[in-house]
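Just so it is clear: chains get the letters A, B, ... in the order the sequence lines come, proteins before strands, and each one is counted from 1.
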Number of protein chains: 4
Amino acid sequence: MISFECDYNNGAHPQVLQKLIDTNSEISLTYGFDRWSQKAREKIRAACECPNADVYFLQGGTQANAVVIDSLIRSFEGVVCAETAHINVHEAGAVEAAGHRVIALESNEGKLNADVLERYMQVYLHDESREHVPQPGMVYITFPTEMGTLYTAQEIEAVYDICRRHALPLFIDGARLGYGLAASPDITLPWLAQHCDAFYIGGTKCGALCGEAVVFTNRQVATPRGFFSNVKRHGALSAKGRLAGVQFDALFTINSESKQLLYLELSRHAIDMATRLKEVLSDAGFPFYIDSPTNQQFVIIPNDLVTRLKKDVDFTIWQPYDNRSMLCRFVTSWATTDDDINYLRGILHRTIE
Amino acid sequence: MISFECDYNNGAHPQVLQKLIDTNSEISLTYGFDRWSQKAREKIRAACECPNADVYFLQGGTQANAVVIDSLIRSFEGVVCAETAHINVHEAGAVEAAGHRVIALESNEGKLNADVLERYMQVYLHDESREHVPQPGMVYITFPTEMGTLYTAQEIEAVYDICRRHALPLFIDGARLGYGLAASPDITLPWLAQHCDAFYIGGTKCGALCGEAVVFTNRQVATPRGFFSNVKRHGALSAKGRLAGVQFDALFTINSESKQLLYLELSRHAIDMATRLKEVLSDAGFPFYIDSPTNQQFVIIPNDLVTRLKKDVDFTIWQPYDNRSMLCRFVTSWATTDDDINYLRGILHRTIE
Amino acid sequence: MISFECDYNNGAHPQVLQKLIDTNSEISLTYGFDRWSQKAREKIRAACECPNADVYFLQGGTQANAVVIDSLIRSFEGVVCAETAHINVHEAGAVEAAGHRVIALESNEGKLNADVLERYMQVYLHDESREHVPQPGMVYITFPTEMGTLYTAQEIEAVYDICRRHALPLFIDGARLGYGLAASPDITLPWLAQHCDAFYIGGTKCGALCGEAVVFTNRQVATPRGFFSNVKRHGALSAKGRLAGVQFDALFTINSESKQLLYLELSRHAIDMATRLKEVLSDAGFPFYIDSPTNQQFVIIPNDLVTRLKKDVDFTIWQPYDNRSMLCRFVTSWATTDDDINYLRGILHRTIE
Amino acid sequence: MISFECDYNNGAHPQVLQKLIDTNSEISLTYGFDRWSQKAREKIRAACECPNADVYFLQGGTQANAVVIDSLIRSFEGVVCAETAHINVHEAGAVEAAGHRVIALESNEGKLNADVLERYMQVYLHDESREHVPQPGMVYITFPTEMGTLYTAQEIEAVYDICRRHALPLFIDGARLGYGLAASPDITLPWLAQHCDAFYIGGTKCGALCGEAVVFTNRQVATPRGFFSNVKRHGALSAKGRLAGVQFDALFTINSESKQLLYLELSRHAIDMATRLKEVLSDAGFPFYIDSPTNQQFVIIPNDLVTRLKKDVDFTIWQPYDNRSMLCRFVTSWATTDDDINYLRGILHRTIE
């Protein structure tokens with residue numbers, strides 16, 4: 001049995017685990033003041049070429065989104081996003097739990113288009129009852145998106161321009177940031193850090209056991225006052241902050257041979273595996289639901305084939321596509337191997353014949 | 001200058017005002033325990049033919065919605081409604097302020113269709129990640145709707161059937177309930193009280209200075225435990241509860257001649273005026289945006305005509321309709337007079353010629 | 001039966017009611033944009049000698065407190081007050097409903113002493129885990145206090161000095177502001193408006209049917225951005241804003257003979273009645289629990305006497321004092337008459353003999 | 001430099017770490033459905049002798065408290081506790097963030113006495129304005145307390161009796177549960193599980209890198225409906241649930257030699273070390289602030305000695321005790337060694353001489 005079900009069903013990358021082993025007997029400061037968290041912050045700032053950035057380590061993606069959003073806006077403001085956004089569909093109402101509306105706009109292949117955003121803002125600004133509607137306080141996008149797609153540099157630039165014109169902070173959810181950076185032709189970590197006010201670097205899905213690094217770029221707006229206390233108030237402050245610090249230190253260490261961050265190296269591997277996966281799925285004749293350059297692939301598979309494949313391969317039935325077929329998701333990760341892909345090719349070959 | 005702008009830009013109905021004058025010097029119990037509030041509750045229970053109903057007086061519609069919704073569901077649950085619902089579009093995020101998601105479904109002329117609701121529930125129940133999405137906890141509809149349309153008895157019955165099948169309380173926002181009852185061919189107050197778990201009887205828009213009567217029917221679910229305290233906690237408890245009590249007592253008094261409740265009598269008048277208004281607007285050649293049987297009428301008017309009319313008549317520009325015309329709303333109320341309609345007819349005649 | 005139970009068990013002052021009658025047939029703008037609300041705002045600004053003040057009308061005290069507090073602080077901040085403060089003891093958790101801690105400090109006869117506040121701030125600032133405790137975001141005091149006592153000008157000055165030193169906005173709950181001003185030897189409305197960032201002028205307890213005027217003085221901090229929307233979001237925006245506007249216009253009209261605001265005139269009357277009440281209670285031999293110069297008087301009455309008095313007079317049993325007696329509250333208001341006091345004197349005479 | 005600063009400044013217990021290493025390459029189900037989480041739940045149910053218990057793994061203590069409390073009570077209810085309770089003093093307002101009041105009562109050496117609780121309930125129930133005050137919805141105690149003290153079995157029994165009489169769920173915060181069980185003469189895990197409705201087993205402070213096991217005993221009240229979704233909504237659901245599952249499986253494995261759970265074994269060690277620590281602190285002549293049988297010891301140390309000791313030993317300055325001395329906290333953990341204690345004895349000897 002092999003699995004393409006998701007990118008968070010494995011342990012830690014071996015180098016990350018090794019560092020946890022190596023540092024286990026150290027006594028350290030708590031709540032993120034330990035030396036590994038400090039080192040990791042320095043490495044992240046360097047990798048982002050953003051020396052003024054403030055970096056905080058949280059435990060998971062929904063949590064990171066909720067705390068950052070609640071900290072960037074006032075109680076009566078909401079967060080604008082595409083209707084496919086994770087905060088809109090799969091966070092059980094975490095944004096509302098802090099009192100804020102999720103203002104979901106039309107999604108274009110998982111992305112929030114700049115013109116959709118601007119049109120919404122114009123309608124809002126010209127609405128005579130605009131003080132009676134939920135107030136837009138910031139904008140949220142995901143990179144890569146929940147559909148595996150990627151914004152181009154130009155697209156993010158266009159969104160950020162509109163954000164700045166309307167004084168709305170831009171926050172980028174990077175739960176799978178590594179996979180996005182590895183697949184993008186034009187977006188790098190430093191570029192990203194120049195085109196938003198906050199983002200997070202996903203660890204859980206990219207090599208760590210847990211942990212997300214929230215980065216405030218201090219561009220349009222400053223790191224929210226009292227952010228640390230608000231993290232605590234959201235139950236998101238790790239007593240043993242070292243757990244995230246050690247892992248991110250490992251992930252943001254530059255490999256002496258490849259001269260690359262481990263984080264990008266392992267992400268690159270997942271994208272290479274995804275490229276091979278696409279080939280295999282395409283060879284099997286499955287239509288692609290969307291053209292995804294990243295580690296999540298969405299294909300349409302006839303119902304009976306889904307049943308037979310499920311015996312040998314784990315993947316996700318996303319939703320019914322039509323009466324005869326299912327929309328299915330296959331995901332690679334840093335842990336996917338050539339053998340996994342070859343095995344899948346074999347299974348598909350045998351099952352379809 | 002005459003006004004068809006809305007149904008809450010006037011004072012109280014003369015009989016309501018008179019009762020406030022007559023009772024002004026009385027010393028009374030506070031927080032809704034006064035004798036007028038008690039009498040008004042009795043009269044409402046009688047008018048609803050629902051002796052087990054619990055009745056509470058609140059101050060406004062957004063407030064009534066927020067408190068009732070927050071009381072009927074658990075912290076992690078949301079409220080399902082049509083996307084045109086007042087709680088979704090014009091309450092500045094009041095539901096979210098209490099931590100709950102507004103789950104907005106496709107709207108059909110302002111109404112939530114039973115099949116739309118059932119389809120949503122089926123998708124929800126069959127979603128393998130359903131515990132990760134905002135949880136449906138209750139259903140909210142408006143009668144009449146924000147577009148002036150009315151559910152038929154059959155339509156509400158179908159919605160309530162689905163609610164009961166899924167154990168979801170049904171709450172009906174009756175900000176303009178009187179106008180809906182006066183215009184409906186088949187829905188009466190007792191019928192309504194048999195087909196939902198809670199509703200409110202709008203006073204502010206139907207003859208009172210302020211005040212909405214929340215009715216819990218104790219059908220599918222009981223009046224929420226601690227509701228009184230939750231009203232207080234939402235800042236919605238009137239110290240001088242008599243203000244609402246006296247007004248609702250007047251509104252629910254039966255006119256000795258007509259044998260009708262004042263509330264329904266004055267609503268009936270507004271509907272009669274709306275019928276005449278429709279004629280006048282139709283004669284002026286304005287296309288109707290939607291077929292509304294109630295006191296809100298939506299018509300499409302060319303831009304230049306809008307400008308000229310605005311000099312003599314108050315009405316609401318709802319939103320741009322196309323490049324050359326506007327969607328406009330004209331509203332009657334218990335206070336609209338035949339003279340108002342005649343005057344409008346005259347203005348339209350002169351302006352269009 | 002006469003009543004000294006509270007100052008909100010009567011109707012409106014006759015002049016306030018008359019203005020409601022006189023304006024009842026007017027068509028007006030909604031949501032507080034009507035001409036009476038505008039006039040009332042002007043009159044309040046003039047009475048406060050604070051031309052830059054922003055004035056909003058809300059419906060009740062708990063609501064005013066909750067909305068103002070939620071607007072002045074960030075989500076993770078709390079409000080500092082005396083433990084006897086209304087927000088701490090009698091608002092059913094309305095401040096917490098918006099996500100904020102009530103930080104209750106030692107009370108000195110109902111007042112928050114400056115040195116108690118400063119000591120708390122010093123402990124907070126020197127606490128090494130201060131980012132883990134609820135964060136102080138503003139200070140709340142009541143004038144007069146819940147115990148009927150009054151801050152001196154010097155006491156408020158001392159509190160406000162500390163607030164400014166620590167950049168904490170000061171908000172004064174004036175549910176009974178008129179009675180406080182009428183009884184204070186040194187605090188006037190203009191003085192008060194110079195010594196805090198926000199306060200509200202209680203209408204419900206001082207002559208109106210409902211309504212509180214929230215005043216932002218724009219001193220240390222500006223009127224909170226988006227306040228109007230947050231009022232709406234809290235369900236606190238009156239559709240017929242004129243109801244409060246008309247009443248406050250009446251209350252803040254200067255009597256042509258006495259050259260006094262009606263608001264202060266009727267408050268003065270309540271204080272005169274309270275002075276006579278004190279005499280009567282004192283003559284009856286009841287010990288005073290606290291020395292109150294305002295319209296609330298707290299005395300200790302033997303249990304059996306309480307039972308007998310209750311047959312003829314309404315007053316509040318505040319709490320058991322000891323095994324043999326009760327702490328009782330007697331309240332005068334603008335509506336208390338000399339006859340009421342004389343009647344009470346007679347009753348006490350007969351009952352005690 | 002040795003450290004007695006806290007019990008969460010080290011890594012994982014070696015056996016816990018080893019299990020993380022051993023299972024690292026496994027592919028597993030996510031969100032807590034993995035086999036290790038399932039095994040750990042079984043082991044916890046067995047250790048608690050509570051086969052009907054429901055067990056959930058969360059990431060930290062403040063989070064566990066906030067989610068459990070928000071799930072056990074209705075929006076308008078608060079949680080009753082001792083004023084020294086962690087939720088009251090060191091969680092940055094996390095309970096209020098979910099809309100609930102922390103109702104803090106007098107603390108007796110860190111404990112909530114049954115008679116204090118009953119007295120509060122009697123005052124509440126006899127308060128005529130009880131519907132206007134924050135409503136008690138549940139009771140929270142800590143075992144051991146924040147001061148290191150322990151409830152006796154009789155004391156918890158008395159508290160739980162009162163809880164049941166008033167239908168209030170009892171929740172026990174076990175951030176340091178292991179240390180409490182190891183030090184208690186009469187309370188075992190099965191006993192505890194019979195005397196409350198929910199509790200959590202602290203992992204972070206007792207051998208794990210992170211993780212707390214929330215146990216619902218299904219006694220007085222059932223596991224809250226929708227708890228899983230509420231965990232997600234609070235940002236408290238781990239994508240890689242295996243991280244906690246693997247660790248708790250290790251902690252709740254019975255040592256084949258000692259026939260003891262690792263969790264209790266390592267806790268026992270910390271208590272042994274605490275006993276030696278007390279001796280050393282006592283020999284140094286430091287007065288104890290409180291008599292603590294657990295792993296937290298509070299002593300009073302002259303200011304100059306604090307300064308000198310701090311050069312060689314890490315411990316916490318809790319708060320100033322008087323002008324000349326500090327209240328200091330020394331903590332042992334599963335990782336404390338005999339050498340640490342000996343070293344401290346040496347330092348104290350040299351420093352005091």
Exercise for the section: Could you look at D/Leu209 and say if it's the side chain, the backbone, both or neither that has a heavy atom under 4.5 Å from chain A? Expected result: both
Practice task
Hey, can you tell me if D/Phe315 and D/Phe330 have their rings parallel, tilted or perpendicular (30° and 60° cut-offs)?
Solution key: parallel
Exercise for the section: With a 4.5 angstrom heavy-atom cut-off, could you sort out which part of D/Leu17 is near chain A: side chain, backbone, both or neither? Expected result: side chain
Exercise for the section: Kindly say whether A/Thr332 contributes a backbone atom to a donor-acceptor pair with the side chain of A/Asn295 at under 3.5 angstrom? Expected result: yes
Exercise for the section: Report the C-alpha separation of A/Cys210 and A/Gln247 in whole Å, then their side-chain angles, then the decisive distance to 0.1 Å, and conclude whether the side-chain contact (heavy atoms from CB on, under 4.5 Å) test is met. Expected result: CA-CA 8 Å; A/Cys210 65; A/Gln247 294 183 91; 4.0 Å; yes
Exercise for the section: Please answer whether the main-chain N or O of A/Val95 pairs with a side-chain N or O of A/His100 as donor and acceptor at a distance below 3.5 Å. Expected result: no
Handout entry: Top of D/Cys6, D/Gly241, D/Ala239 for chain A proximity - count of heavy-atom pairs under 4.5 angstrom
Key = D/Ala239
Problem - Interface residue of largest heavy-atom contact number with chain A, from D/Gly235, D/Ser229, D/Ser3, D/Ser25, under 4.5 Å - result: D/Gly235
Handout entry: chain A contact via D/Leu237 - side chain, backbone, both or neither, heavy atoms under 4.5 Å
Key = neither
Exercise for the section: Check the side chains of A/Asp34 and A/Gln38 for a donor-acceptor pair under 3.5 angstrom, ignoring hydrogens and angles. Expected result: no
Problem - Members of residues 62-73 of chain D whose heavy atoms come closer than 4.5 Å to chain A - result: D/Thr62, D/Gln63
Handout entry: Donor-acceptor under 3.5 Å (D/Thr145 side chain, D/Met147 main chain)
Key = yes
Fill in the blank from the handout: Between D/His234 and D/Ala98, the two heavy atoms sitting closest are CE1-CB, 4.2 Å
Practice task
Hey, can you tell me if D/Phe33 and D/Phe228 have their rings parallel, tilted or perpendicular (30° and 60° cut-offs)?
Solution key: tilted
Problem - Residue-level contacts of residues 334-344 of chain D with chain A, using a heavy-atom cutoff under 4.5 Å - result: none
Fill in the blank from the handout: For D/His269, the side chain to side chain contact (heavy atoms under 4.5 Å, CB included) test, sequence neighbours excluded, returns D/Met273
Exercise for the section: Using a cut-off of under 4.5 Å on heavy-atom pairs, state which of D/Glu91, D/Gln18, D/Gln59, D/His90 scores highest against chain A. Expected result: D/Gln59
Practice task
Examine whether an atom of D/Ser28 lies under 4.5 Å from a heavy atom of chain A, and if so say whether it belongs to the side chain, the backbone or both; otherwise answer neither.
Solution key: both
Practice task
Evaluate the criterion side-chain contact (heavy atoms from CB on, under 4.5 Å) for residue pair A/Gln297 and A/Val331; output intermediate values, then yes/no.
Solution key: CA-CA 6 Å; A/Gln297 297 297 327; A/Val331 183; over 6 Å; no
Handout entry: For chain D, which residues of residues 200-208 of chain A have heavy atoms nearer than 4.5 angstrom
Key = A/Thr204, A/Ala208
Exercise for the section: Indicate yes or no for a side-chain donor-acceptor contact from A/Asn24 to the backbone of D/Ala12 under 3.5 Å, with no hydrogens or angles considered. Expected result: yes
Practice task
Look at the side chain of D/Thr294 and the backbone N and O of D/Pro144, then say whether any donor-acceptor pair between them is shorter than 3.5 Å.
Solution key: no
Exercise for the section: Report yes or no: does D/Lys240 contribute a side-chain atom to a donor-acceptor pair with the main-chain N or O of A/Gly11 at less than 3.5 Å? Expected result: yes
Handout entry: Basic-acidic side-chain contact under 4.0 Å: D/Glu26, D/Arg35
Key = yes
Problem - D/Arg329 side-chain N/O to D/Glu5 backbone N/O, donor-acceptor pair under 3.5 Å - result: yes
Exercise for the section: Just give me the residue among D/Ile27, D/Thr23, D/Ile2 that pairs up with chain A most often, heavy atom to heavy atom, under 4.5 Å. Expected result: D/Ile27
